[in-house]
Structures are given as C-alpha cells and as structure tokens.
Amino acid sequence: MTSANTAPGTPYGTIPPASPLPQRRPISLPRLAQMRAAGEKITMLTAYDATFAAVADAAGVETILVGDSLGMVCQGLPSTVGVSLDTMAYHTESVTRGLRRVQGTAWVVADLPFGSYHESREQALRSASRLMQAGAHMVKLEGGGWTAPTVQFLVERGIPVCAHLGLTPQTVHALGGYRVQGKDDEAAQQLRRHALELQDAGAAMLVLEMVPAQLSASLTQELAHCHTIGIGAGSGTAGQVLVMHDMLGVNLGKMAKFVHNFMQDAGSVKGAMEAYVRAVKNGSFPDDSLHAW
C-alpha cells in the first residue's frame with residue numbers, strides 16, 4: 001500500500017518527484033541573440049526521446065535538435081532520406097514531453113525530413129505546422145538558393161526557421177558522399193551567397209556542416225542576425241552541435257573527424273553532456289587543429 005508521502009510505484013520504478021524550478025531562463029530567440037551578443041557560445045545536441053532530452057536539458061544544453069539523423073542512429077537506415085514526417089513528429093512529441101516533465105527550458109528544433117518541403121511552400125507550411133504542433137519551437141530545413149523563398153514564407157507565418165548549409169545529409173547522393181563543402185573559391189562564394197539569402201529571408205539560425213573553419217568564421221561575422229551552429233566547421237561559429245550518440249562514443253560507424261568522445265572521461269551520460277557544454281563554452285572544443293578543415 002502506498003503511503004501519502006511515497007510516490008506511486010510503476011513497472012519501471014517510482015515516479016520521480018517534481019523537479020525544482022529551473023535555474024536558467026527559458027531559451028528563446030531573444031535569449032539566443034543575447035548570448036551571441038555577449039560572446040557566449042550556444043550549445044546544441046541531438047535527442048530523440050524523453051529521457052535523453054531531459055538529461056541534456058539538466059546538463060545545460062541550450063538547444064535540442066530532434067534530427068533526422070535518428071534514421072541512422074535509431075532506425076538503422078543508411079542515410080536520413082528514409083525518415084518520414086510521421087516519424088519526426090513522433091520523436092518531437094517524445095522529446096517535448098520529456099522536457100515538460102522536468103520543467104525543461106531548452107529550445108527545441110525539429111528537422112523537416114526529406115520530401116516534406118520540396119514540393120511547394122504550402123507543403124512546407126503543412127509539414128512545419130505538424131512539427132510545431134508536436135512541440136517544436138523551430139524547424140530546420142536543408143539547402144540554399146531555392147529554399148530562401150520557403151524560409152521567408154514560413155517566417156512570415158510565425159514559424160522560426162533554422163537553415164542548414166555545407167554538407168546537407170538529405171542530398172548526400174547528389175554531393176557525391178560525405179565531403180567537405182566550400183573548399184574552392186567558387187563553392188565558397190556560392191555558400192556565402194546562399195547564407196546571406198537565408199538570413200535575408202528570416203532564418204534565425206544556420207547549421208554549417210563540414211565547412212572550412214576560415215569560411216565558417218567569416219560567415220559568422222557577416223551574419224549578424226543569423227546564429228551559425230557548426231559541426232565540423234571550426235571554432236569560429238556562434239555555437240556547436242553534435243549527434244548525441246557520436247559524442248557518447250556509441251555510434252555504429254566510423255567516428256567522424258569533427259567528433260570528440262566526451263563519455264570516455266565522464267563516467268555518466270549527464271557528465272559527458274556537461275563536459276561537452278563546458279568545452280564549447282570555454283573554447284576547448286572544437287580544436288581546429290583536430291576537428292576542422
């Protein structure tokens with residue numbers, strides 16, 4: 001029999017008591033802009049379920065990305081192309097339930113999967129609305145040039161957008177594999193043009209993946225109103241992101257050059273995430289001599 005002072009039992013143990021009120025302010029677009037203005041690096045990690053999202057929030061991660069990388073790390077797919085909008089909505093709901101349960105304050109970004117925004121701006125709006133209703137604060141889409149009008153269409157309708165340039169995994173077959181992007185002058189100029197177009201369209205964040213460090217740092221200075229988040233893009237971006245499974249050292253494939261295993265010295269998942277946050281904040285990760293091009 002359960003006493004009045006004991007949490008009711010469940011098949012998986014006892015329900016934890018209510019979390020204390022969060023010590024930090026809820027993350028928002030104005031708060032991210034304040035961090036950028038103060039020179040404080042923004043931290044982002046992927047999460048795909050309630051528990052890991054709650055742990056990441058408790059570890060101090062400001063931004064949680066419900067990435068379509070779940071296709072590879074959770075579903076065992078060879079790329080992100082096979083991930084559906086239904087799957088993204090399911091995992092977004094799971095993450096946001098976990099954050100609500102612990103009174104989390106992280107900003108949640110959800111990926112628009114392949115094929116869910118390519119047909120038309122109206123299709124993009126329907127897909128983005130689905131993820132926002134699932135609990136996302138912002139949606140992310142890949143590519144430049146043709147995506148700028150779509151970004152503007154969404155932003156004008158109250159949907160915050162994170163763009164993604166450089167290595168765009170949804171189009172990895174067209175890019176010829178997982179290769180560094182923007183290496184020659186022509187490619188760099190195109191990437192710069194697309195980044196500025198996306199900022200002008202209203203994108204508030206921009207993931208730069210596998211982009212040379214010097215180019216990423218230069219773009220970060222040029223994009224005053226769009227916060228760059230690097231992954232394999234050097235230390236000069238406004239923030240950093242890693243796939244959670246990679247930084248915990250439990251990925252199924254070869255460890256990418258830009259990844260550091262934070263679990264090896266941490267002793268716990270939360271400890272590893274806290275170490276990641278500290279390293280990004282103090283500038284020790286990424287190390288351009290090891291993790292960048």
Side-chain angles (χ1 to χ4, degrees), residues 41-49 51-53 55-56 59-83 91 95 109 111 140 142 164-173 175-183 207-217 228-237 239-293:
K41 296 289 187 178
I42 299 165
T43 60
M44 179 186 286
L45 276 179
T46 65
Y48 316 105
D49 65 21
T51 301
F52 280 106
V55 174
V61 176
E62 287 99 10
T63 312
I64 292 175
L65 172 62
V66 188
D68 57 3
S69 50
L70 65 86
M72 301 169 79
V73 300
C74 297
Q75 296 180 301
L77 298 174
S79 74
T80 64
V81 173
V83 178
H91 285 275
V95 163
V109 183
D111 267 334
K140 181 168 78 66
E142 295 183 4
H164 186 153
L165 293 176
L167 174 67
T168 46
Q170 292 178 7
T171 54
V172 66
H173 300 304
L175 295 175
Y178 295 94
R179 300 176 178 179
V180 180
Q181 304 296 308
K183 292 177 68 175
V207 170
L208 294 172
E209 182 168 358
M210 292 183 68
V211 173
Q214 185 175 358
L215 176 57
S216 296
T228 57
I229 307 295
I231 177 167
S235 59
T237 52
Q240 296 291 326
V241 61
L242 283 177
V243 171
M244 179 188 67
H245 293 65
D246 288 345
M247 58 82 65
L248 294 177
V250 293
N251 59 338
L252 298 177
K254 180 182 177 182
M255 188 75 79
K257 174 182 177 178
F258 53 77
V259 174
H260 176 74
N261 180 356
F262 286 90
M263 186 69 172
Q264 59 190 359
D265 299 317
S268 70
V269 170
K270 184 181 178 185
M273 292 180 177
E274 290 173 335
Y276 167 73
V277 171
R278 285 194 303 271
V280 172
K281 298 287 187 185
N282 67 29
S284 61
F285 179 83
D287 180 339
D288 287 357
S289 67
L290 299 174
H291 306 118
W293 287 269

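This is a predicted model, so every value here is computed, not measured.
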Residues that V73 engages under side chain to side chain contact (heavy atoms under 4.5 Å, CB included), provided they are two or more places apart | Y48, V243, H245
Nearest heavy-atom approach of V277 to A59 is CG2-O, 3.8 Å
List for me each residue that meets side chain to side chain donor-acceptor pair (under 3.5 Å) alongside D49, sequence neighbours excluded, and say none if there are none.
-> none
Mark yes or no for whether E274, through its side chain, and V61, through its backbone, hold a donor-acceptor pair below 3.5 Å.
-> no
Hey, what do you get for NZ (K140) to CG (D111), rounding to the nearest 0.5 Å?
-> 3.5 Å
Mind listing the closest non-hydrogen atom pair of V81 and Q170 along with its distance?
-> CG2-O, 3.6 Å
How about F285: does its CZ atom have over 12 heavy atoms from other parts shown lying under 6.0 Å from it?
-> yes
Which atom names give the shortest non-hydrogen contact between F258 and W293, and what distance separates them?
-> CD2-CH2, 3.9 Å
Those residues that, when tested against T168, pass side chain to side chain donor-acceptor pair (under 3.5 Å) (two or more places apart) = T171
For S79, all residues meeting side chain to side chain donor-acceptor pair (under 3.5 Å), sequence neighbours excluded | none
Residue set satisfying side chain to side chain contact (heavy atoms under 4.5 Å, CB included) with S268, at least two apart, ordered chain then number -> K270
Compare all side-chain heavy atoms of Q240 with those of K41 and state whether any distance is below 4.5 angstrom.
-> no
Does E142 have any salt bridge (Lys or Arg N to Asp or Glu O under 4.0 Å) partners at least two apart in sequence or in another chain, and if so, which?
-> none
Residues 277-292 vs salt bridge (charged side-chain N to carboxylate O under 4.0 Å, His left out), sequence neighbours excluded, gives E40-K281, E62-K281
Salt bridge (Lys or Arg N to Asp or Glu O under 4.0 Å) with K257: which residues, sequence neighbours excluded?
-> none
For Y276, the ring pair (Phe, Tyr, Trp, His ring centres under 6.0 Å) test, sequence neighbours excluded, returns F262
Working to the nearest 0.5 Å, report the span between CD1 of I42 and CD1 of I229.
-> 4.5 Å
Taking every non-hydrogen atom, the tightest pair across V211 and G166 = CG2-CA, 3.7 Å
T80 side chain vs S69 backbone, donor-acceptor pair below 3.5 Å = no
E209: what forms a side chain to side chain contact (heavy atoms under 4.5 Å, CB included) with it, not counting sequence neighbours?
-> H164, L167, P169, I231
Can you tell me how far the CE atom of M244 sits from the CE atom of M247, to the nearest 0.5 Å?
-> 9.0 Å
Please list, chain by chain and in numerical order, all residues satisfying side chain to side chain contact (heavy atoms under 4.5 Å, CB included) with V259, sequence neighbours excluded.
-> L242, D246, M255, A256
What one should report as the nearest heavy-atom pair of G182 and L215 is O-CD2, 3.8 Å
Results of side chain to side chain donor-acceptor pair (under 3.5 Å) for S284 - residues two or more places apart only | N282
Taking all atoms of both residues into account, what is the closest heavy-atom pair of P286 and S235, and its distance?
-> O-CB, 3.7 Å
